[in-house]
Structure formats: structure tokens, C-alpha cells
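Beneath this line is the structure, given in C-alpha cells, with notes to follow.
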Amino acid sequence: MKSPRGYWWTTASTTRRTARPVIIATSPAPSPASIAPIAPSLSGPDGSIVCSERTVPYDLLVLALGSITNDFGTPGVAQHCHTLNDADGAQALNRTLITRAMAVELGTQARLSIAIVGGGATGVELAAEIHHVIGELRHYGAKVVGEQLDIAVIDAADRLLSTGTAEMSARAAQTREQRGVRVILNRRVTEAREDVLVFDNGDTLAADIKVWASGIKGASACITDALPAGKRGQFPADATLRSIDDPNIFLLGDCAGCTDANGHPVPSTAQAARQQAITLAASIGLLLVGKPPLPFVYRDRGTLVSLGKAKAVGSVAAFWRADRVHAVDGAAAKGMYASLYRLHQAAVLGWPRTLAVIAADTVSRAAKPSVKFY
Ligand SMILES: Cc1cc2nc3c(=O)[nH]c(=O)nc-3n(C[C@H](O)[C@H](O)[C@H](O)COP(=O)(O)OP(=O)(O)OC[C@H]3O[C@@H](n4cnc5c(N)ncnc54)[C@H](O)[C@@H]3O)c2cc1C
């Protein structure tokens, strides 16, 4: 089914996810400019319909569809690699990791080799987290797997965290190597097979678990017959975040392809999405009273990457001067990393509920196992 403009929202997967497009009707107009069709909401293991197809009239539409994994058409990635784009993907990886670790403990498998394709923040943090999880398994009686673990992080660039500073890259590589993680640089993966990754020079790397953490593209593919998508599957927008193809549509986050009002490209990060949301909320208020939307200016507040339970590395802009960037490292950086998460929760939930969540998390950490076994 198509709307007058031909947009069609679908559930992004056939699992329990429900379709919830971000739709803002700016006024109770009797004859709205457009209608957004929404696919049925499915639930339960049998995919039963909770809410059937429906339409939402709108004058102004905000699309914040996020992104999906980009395998750049690399053969075998969809079949043989885990991805981390959503909770389902992360849970599937966790289950495979625990199952394979048990196989090593029970002696049905000699070693556990894990290859992570992509040495950006996601790949580096994942290597740290897997190392930590396998270490924690010792407390549950797993004595062997920690000694038989081989984690490799592969990147086509000549350093890890290639979009960060050289200092961050060096610190990340040093910490990975100290923990026995192999770092393979200047190598492009051209194919994933059941048990190996194939490199551009024909070499192969055997891996029981392969994770593709190498790129994203805008989630434009989740809408069929949609707005024309541009580079990296993102919908092109101008510096006010307005679609260049439809003046009634605004875009934010990973699905928006735009440069800011100063001509700087906007990265696909939560930091940028949050800033865009704040600008857009103000712009919608202005549009309602017939004024033009605000230009979006991206302010890079810095980057923090977790390197383990007690360490992180990054560069952070000074609060008083955004152009003055400070390198941060070690436990102090980890403290900042943890507080950023809490600040984000506070922005979404407010401080009273965030404090309640912090208290609940503290109790739950003491009561629950430190590794998720399901
Ligand atoms: C593993 C991982 C780690 C990351 N770590 C960081 C980090 O440390 N710092 C950082 O700044 N960024 C990080 N990012 C990036 C960050 O998560 C994204 O940039 C940010 O979430 C983008 O926000 P968004 O609102 O555009 O999209 P999302 O947060 O992805 O939200 C989009 C939502 O739209 C829904 N949706 C999609 N299509 C449809 C449809 N057709 N109908 C209805 N709903 C739909 C999706 O299900 C999703 O819930 C990370 C990303 C990943 C994958």
C-alpha cells in the first residue's frame, strides 16, 4: 500500500520489533498534507498481529530511522558474520560466545577464535568486552577457555580508531596487545566463509566467531518506495535538517545525510543525533508560528572509547571552549564514559528517575550474575 506520497513504513524485521515511526502532526489540520501508512505491529514468537495496518495524517514528518549494518556487498557477511546493529544482534552474539566457550570447556573444541572486522570504536570496545566476559567465566568454573582464546581485530586502515587522534589509536593498540588481542591492520576483508575470513591478498584467517563491525548505512531501506536515498543510504537534508526532496519532511540522526551550517559533515553518532533533535525541536516551534527553521551547527564534544572494565581513552572538548580538545585516558576517562551514559539517561528520563535507575542498577549488579547466560 502507498500513501499519497508513496511512503510505506515497515517493521524493520520479522521478529518482535514493532514499527514506531516518528511522526509529528504540527496542527490538528482538517486536511493534512500527507498520510503516513504504518505496517502492522507484530508480537510474539508466531508474529501475531497486535495492531493492524493504519495511517497517520501529518503536516510535518520527522524521520529518525537510524542505520543498518553496511557490509559493502562483501560476499558471505550476511550469512556468516554477527552484527551489532540492534539488541537482537547483540543477544545472538552473546549466545554464540557462551555456547562456543562451553564447547572449549567440555573439550569438544580445542580453541576459541574470534575475528572482529572493523577497528573503530565498536570493534575496539567489543574486543574489550569479549575479553572481560571470558575472564568472568572463570568465576563460573570455566578454567580452560581463557587460555585458549584468540581475538583478532582487523582493519583496512593503518591504525585502530582511525577517525580519532593518533594518541587514541596508539593507546588502543597498546591495551589490545597487552591483553593478547591481535591487531591486523592494512588488510581488507573480501569474503566471509563459514570458518574463515578471506583477505584482499588471498590470505585467510580461521575464526569460529566472526563479527562485522565495519560500517553502517542509513536505514532508508526500511522504507520501500521512499524518499530518494543518497550516499550511504541516507536521505539528503539541508543545513536546517529539511529534506531536499520534500519540504514537509525533516531528518535527524543516522538516516540524515547532511553537512551542518558551517559546511562540516555530521557524523553518525548519538552525540550528533541528540544535538540535531534539540535544534529540530526548536525549529518545529518556529515553523508553527510561520518562522523559518534554525540552521544546525554540530559541536563536536569529543570521543570516548572503552578499553575494558576500568580503562577508556578519548579526547574531550573543554566546556568553556569547544575548539580546545583535551586527551583523556585510563580510569578518569572511564569515569567520564560512565557519566556520559548517566547524563544521557538523565536527558531522557530526568534526574529523579535516573537516580532511581542508578540505585536499581547497583542492587542488580550485586544480585545478578556478571555474565548473561541467556
Ligand atoms: C554497537 C554500537 C555502539 C555505538 N556506540 C556509540 C557511542 O558510544 N557513542 C555514540 O555517539 N554513538 C554510538 N553509536 C551510534 C549511535 O547508536 C547512533 O548514531 C544513534 O543511535 C543514532 O540515533 P538515531 O536516532 O538516528 O537512530 P537509532 O537510535 O538507531 O533509532 C532509530 C529507531 O528507528 C527505528 N526504525 C527504523 N526503521 C523504522 C521504520 N521503518 N518504522 C519504524 N521505526 C523504524 C529503529 O528500530 C530504531 O529504534 C553506536 C552504534 C552501535 C551500533
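Below, each value reflects all heavy atoms present in this structure, side chains not excepted, and no hydrogens, waters or symmetry copies. Every number for a ligand or one of its atoms is a count from 1 in the order of the listing.
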**Request:** Please work out which of A39, G120, A270, A64 has its closest non-hydrogen atom nearest to atom 25 (O) of ligand 1.
**Result:** A64

**Prompt:** Taking atom CG of L185 and atom CG of L160, what is their separation to the nearest 0.5 Å?
**Reply:** 5.5 Å

**Joint hydrophobic cluster, V77 plus I68, side-chain heavy atoms closer than 4.5 Å** = no

**Prompt:** If you measure from atom 2 (C) of ligand 1 to every heavy atom of T269, L304, T122, T303, which option wins on shortest distance?
**Reply:** T122

**Request:** Report, in ascending order of atom number, the atoms of ligand 1 lying under 4.0 Å from any heavy atom of Q271.
**Result:** 11 (O)

**Asked** When you look at CZ of R111, are more than 12 heavy atoms from neighbouring residues, nucleotides or ligands closer to it than 6.0 Å?
**Response** yes

**Request:** Return yes if some donor-acceptor pair links the side-chain N/O of Q276 with the main-chain N/O of G253 below 3.5 Å, else return no.
**Result:** yes

**Message:** I want to check something: taking the side chain as every heavy atom from C-beta on, are I154 and V189 in contact at a cut-off of under 4.5 Å?
**Reply:** yes

**Item:** Subset of ligand 1 atoms that lie under 4.0 Å from at least one heavy atom of L84
**Value:** 1 (C), 53 (C)

**Message:** Taking 4.0 angstrom as the limit and counting only heavy atoms of G253, give me the atoms of ligand 1 inside it, by number and element.
**Reply:** 26 (O)

**Message:** Looking at ligand 1, would A219 count as a contact under a 4.0 Å heavy-atom criterion?
**Reply:** no

**Request:** Would you tell me which option among L65, D254, N85, L251 has the nearest heavy-atom contact to atom 19 (O) of ligand 1?
**Result:** D254

**Prompt:** Can you name the nearest heavy-atom pair linking A127 to V181, along with the distance?
**Reply:** CB-CG1, 4.4 Å

**Request:** Any atoms of ligand 1 less than 4.0 Å from a non-hydrogen atom of A273? List them with their elements.
**Result:** 23 (O)

**Prompt:** Do the side chain of R193 and the main chain of V196 share a donor and acceptor less than 3.5 angstrom apart?
**Reply:** no

**Asked** With a 4.0 Å cut-off on heavy atoms, is S268 touching ligand 1?
**Response** yes

